[in-house]
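Below: the structure, in structure tokens.
Bear in mind that the values here come from a model prediction, so they are computed numbers and not experimental data. A, B, ... follow the sequence lines: proteins, then strands. Residue 1 opens every chain.
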There are 2 protein chains.
Amino acid sequence: MKLTLSQIAEFEEQGYLFLPNLFSAEEMTILNAEVPALLAQTRDEVVREKDTEAPRTAFYVQTWNEVFARLARHPKLLEPGTQLLGSDKLYMHQFKINAKAAFDGAVWQWHQDYATWFNDDDMPSPCAMNIPLFLVEANEFNGPLMFIPKSHRRGRLAAGHDVTTTSYPLWTVDNETITRLVAEGGIVAPKGPPGSVLLFHGNLVHASGSNLTPWSRWIVYLSLNRCDNAIRRFKRPTWIANRDFAPIEVLTDDCLLRDAREQRPAAE
Amino acid sequence: MKLTLSQIAEFEEQGYLFLPNLFSAEEMTILNAEVPALLAQTRDEVVREKDTEAPRTAFYVQTWNEVFARLARHPKLLEPGTQLLGSDKLYMHQFKINAKAAFDGAVWQWHQDYATWFNDDDMPSPCAMNIPLFLVEANEFNGPLMFIPKSHRRGRLAAGHDVTTTSYPLWTVDNETITRLVAEGGIVAPKGPPGSVLLFHGNLVHASGSNLTPWSRWIVYLSLNRCDNAIRRFKRPTWIANRDFAPIEVLTDDCLLRDAREQRPAAE
């Protein structure tokens, strides 16, 4: 899995890249089979919505589920990350499943992830990025990710700490700034079938609406960071802001399909 | 303005009809010029969102604004209503502007309007309908109306009175029923420029999401009812459930464009 030069140029220009159908139906079946039991667990890492018991986010899943442990080392996700971040020494700053549950899934306000990584975790530079993988179809109705193209070019924006809108505190961008950025770049919401992958810059401004449909909108997020850009403040629990800075050892392309007990790290 | 037989058949089959660009840009400019001042008024008829001061709905506007008084008698809206409801004696059960304000506009849960008209107002039969006119563009991002096609064919569904989700109490349909209806009919969200019009059955199940964008999503709603189907319970204020059952006297096609002082009812 290698991005072309034109894909890399598009990422740098727009702040994101969309790769529909990167994973096969068979791989998605293996991943999705794990999700209901994961989200049903009662543990700190599984955060619920503000007004309901619906799951909002399951954090650090790669440490407590074997199948997602393999996904977190998958070359289809790690190799593009290596290309775009310019280093083959990457670690997982955060790994989560955002559930956006049917009927109850609430909004994510407009924000840059690097604002949180900087303000909460003291990450030195925005040499970090997000890679969402659609576990189920993301369509126009079930609260798809919305991006403001090119907004990453403004660098880190002023942010306020919103601790009331949802159950999860977030450093958000104010309405005036959003109005200006949208006037310049518009809004896009990449939609696609299970197995589709987005890659987006740590400074790209994004949000997502509520989900009123009967279709949950499960997305796995890898937040990759360069090992030489490791965080320096340990205010948040390690399951939200990982303190294991060892480089990820990438597995082979068939790692989800082979039996877990046969897994070995690929030769580096 | 007359619907064709195939348009009428489509309405009966799907439960709604979409007429993009029914009003001209000039007419929309005249209407939109009134809206900011309307929504800014402090009066019972202007309902605010639950957690903010953002306007949610301005009711009964045809009685306190001259321009919208003319829209409420516009042949482009009244003639299709007459055709679909099978009577030229119609009155305005409800007339409102739903603001779905930029950034703050909140959801409307899944519901049938006739559930409210029946439960709150004792309207005898569902011989009533809604005609939303888009004052501004409705796009995929700013919380467009979502319909479940064909759901009107199930008649009036069981409904629960939701008084907590938003600032406006609503008789809503439960999640199990929505799941079943969506499996059968899917979801559609007609989108289009200012001046586009929807016509939908009183029993069509609909909802709309939150609006996180800088684009307010203003829609005027005419809720037309047959005069021989007038409500029989007067629990809600007349500005929400109108008690003036006199037939609407339709104006002429140019009624928004001519100076208000020249307006006369068209010959019946």
Side-chain angles (χ1 to χ4, degrees), chain A residues 49-52 54 100-111 137-149 151 160 162 164-166 170 172-191 205-217, chain B residues 49-52 54 100-111 137-149 151 160 162 164-166 170 172-191 205-217:
Chain A
E49 294 286 7
K50 187 177 175 185
D51 298 319
T52 70
K100 186 78 77 173
F103 298 112
D104 293 317
V107 305
W108 288 84
Q109 314 93 300
W110 291 110
H111 67 286
E137 181 191 57
N139 58 44
E140 71 178 276
F141 305 111
N142 63 355
L145 269 168
M146 299 189 288
F147 294 147
I148 304 178
S151 54
D162 182 345
T164 58
T165 302
T166 78
L170 198 65
T172 61
V173 181
D174 66 81
N175 292 354
E176 272 181 38
T177 306
I178 296 300
T179 302
R180 200 177 66 241
L181 293 172
V182 169
E184 293 163 359
I187 302 176
V188 297
K191 292 167 278 286
V205 178
H206 60 288
S208 65
S210 50
N211 181 10
L212 295 177
T213 75
W215 307 311
S216 287
R217 192 226 59 177
Chain B
E49 294 286 7
K50 187 178 176 183
D51 298 320
T52 70
K100 185 79 76 177
F103 298 112
D104 293 318
V107 306
W108 289 85
Q109 314 92 298
W110 292 108
H111 68 288
E137 182 190 58
N139 58 42
E140 70 178 278
F141 305 111
N142 62 355
L145 269 166
M146 299 188 287
F147 294 146
I148 304 178
S151 55
D162 182 346
T164 58
T165 302
T166 78
L170 197 65
T172 60
V173 181
D174 66 81
N175 293 353
E176 273 181 36
T177 306
I178 295 299
T179 303
R180 201 177 68 242
L181 293 172
V182 169
E184 292 163 1
I187 301 176
V188 296
K191 291 167 279 285
V205 178
H206 60 290
S208 66
S210 50
N211 181 11
L212 295 177
T213 76
W215 307 310
S216 288
R217 194 226 58 178

Nearest heavy-atom neighbours spanning Ser210(B) and Gly209(A): OG-CA, 4.3 Å
Using heavy-atom distances under 4.5 Å, tell me whether Ser208(A) contacts chain B through its side chain, its backbone, both, or neither. backbone
Counting N and O atoms only, with roles assigned by atom type, does the side chain of Trp110(B) sit under 3.5 Å from a partner on the main chain of Phe103(A), one being a donor and the other an acceptor? no
For the atom pair OG1 (Thr164(A)) and CG (Asp51(B)), what is the distance rounded to the nearest 0.5 Å? 8.5 Å
Straight-line distance of Ile178(B) CD1 to Leu212(A) CG, nearest 0.5 Å: 10.0 Å
Counterpart residues, side-chain contact (heavy atoms from CB on, under 4.5 Å), relative to Ala189(A) (two or more places apart): Pro144(A), Met146(A), Lys191(A), Glu140(B), Phe141(B)
Chain B shares the most heavy-atom pairs under 4.5 Å, among Val107(A), Ile148(A), Val182(A), Ile187(A), with Ile187(A)
With chain B as the partner, which of Pro214(A), Ala183(A), Ala207(A) has the greatest number of non-hydrogen pairs under 4.5 Å? Pro214(A)
For Pro149(B), check side-chain contact (heavy atoms from CB on, under 4.5 Å) against everything at least two apart and list the hits. Gln14(B), Tyr16(B), Val188(B)
